Amino acid sequence: MKKYYALYEKVKNLILNGEYKAGHKLPSKRVMADRFGCSQITVMTAYGMLEAEGYVEARERSGYIVLDINALPPAPNIKPIEAKIIITG
């Protein structure tokens, strides 16, 4: 498992378990890199994934803040697309 994904899963679980509550500031990239023995780029990648999924928000000069996960909209009900292939000739 890639380090960034392991870190992403760890922080995501801390949010889902309520250890990091809404409004909580995540540790800085430098602190997390030291804590997990990885690069700051690895932390940025994990935090970016959390932001893309709506768990945290990046705030300029403030870091990453945990969002209220209960306020997230439900996942859309996506129906599979049926594709037909037509061969001519």
Side-chain angles (χ1 to χ4, degrees):
M1 178 183 295
K2 300 283 186 183
K3 278 192 173 186
Y4 71 87
Y5 192 78
L7 179 58
Y8 154 81
E9 284 288 324
K10 174 75 173 168
V11 176
K12 179 179 168 182
N13 286 331
L14 290 170
I15 293 169
L16 293 174
N17 293 332
E19 292 183 51
Y20 286 165
K21 299 185 183 327
H24 180 95
K25 183 180 174 197
L26 292 181
S28 71
K29 294 177 282 194
R30 179 172 290 150
V31 168
M32 285 298 266
D34 289 343
R35 194 178 290 172
F36 284 91
C38 61
S39 72
Q40 289 183 39
I41 292 174
T42 298
V43 177
M44 284 176 33
T45 302
Y47 280 8
M49 291 171 63
L50 291 164
E51 184 178 24
E53 292 186 5
Y55 290 103
V56 300
E57 176 182 70
R59 294 190 185 157
E60 194 169 330
R61 298 183 185 214
S62 294
Y64 288 85
I65 308 299
V66 177
L67 297 176
D68 182 2
I69 59 172
N70 296 319
L72 290 176
N77 186 8
I78 300 172
K79 295 179 183 175
I81 297 173
E82 196 173 301
K84 293 182 181 179
I85 299 173
I86 299 172
I87 301 174
T88 60

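Sequence positions, counted from 1, serve as the residue numbers for this chain. Bear in mind the structure is a predicted one, so any value in this text is a computation, not a measurement.
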Consider only side-chain heavy atoms of I, L, V, M, F, W and Y, link residues closer than 4.5 Å, and tell whether Leu16 and Met49 are in one cluster. yes
Test of understanding: clusters of I, L, V, M, F, W, Y form through side-chain heavy atoms closer than 4.5 Å, transitively. Do Val11 and Ile69 belong to the same one? yes
Do side-chain atoms of Lys25 reach the backbone of Ser62 as a donor and acceptor pair under 3.5 angstrom? yes
For a 4.5 angstrom cut-off between non-hydrogen side-chain atoms, does Tyr8 reach Leu50? yes
hydrophobic_cluster_shared for Met44 and Ile15, side chain cutoff 4.5 Å: no
Minimum heavy-atom distance Gly37-Lys3, with the two atoms named: O-NZ, 2.9 Å
Taking all non-hydrogen atoms of both residues into account, name the closest pair between Leu67 and Glu57 and its distance. CD2-CB, 3.7 Å
Find out if a path of hydrophobic residues (ILVMFWY) with successive side-chain heavy-atom gaps under 4.5 Å connects Tyr5 to Tyr64. yes
Locate the shortest heavy-atom distance separating Arg35 from Pro27; write the atom from each residue and the value. NH1-CG, 3.7 Å
Angle between ring planes, Tyr20 versus His24, binned at 30° and 60°: parallel, tilted or perpendicular? parallel
So which heavy atom on Tyr47 is nearest to which on Val56, and how close? O-CG2, 3.9 Å
Met32 vs Leu26, test: side chain to side chain contact (heavy atoms under 4.5 Å, CB included). Steps then yes/no. CA-CA 9 Å; Met32 285 298 266; Leu26 292 181; over 6 Å; no
Within a radius of less than 6.0 Å around NZ of Lys12, do more than 12 heavy atoms belonging to other residues, nucleotides or ligands occur? yes
Does the side chain to side chain contact (heavy atoms under 4.5 Å, CB included) test come out yes or no for Leu7 and Thr45, once each step is laid out? CA-CA 9 Å; Leu7 179 58; Thr45 302; over 6 Å; no
Going hydrophobic residue to hydrophobic residue with side-chain gaps under 4.5 angstrom, can you get from Leu14 over to Val43? yes
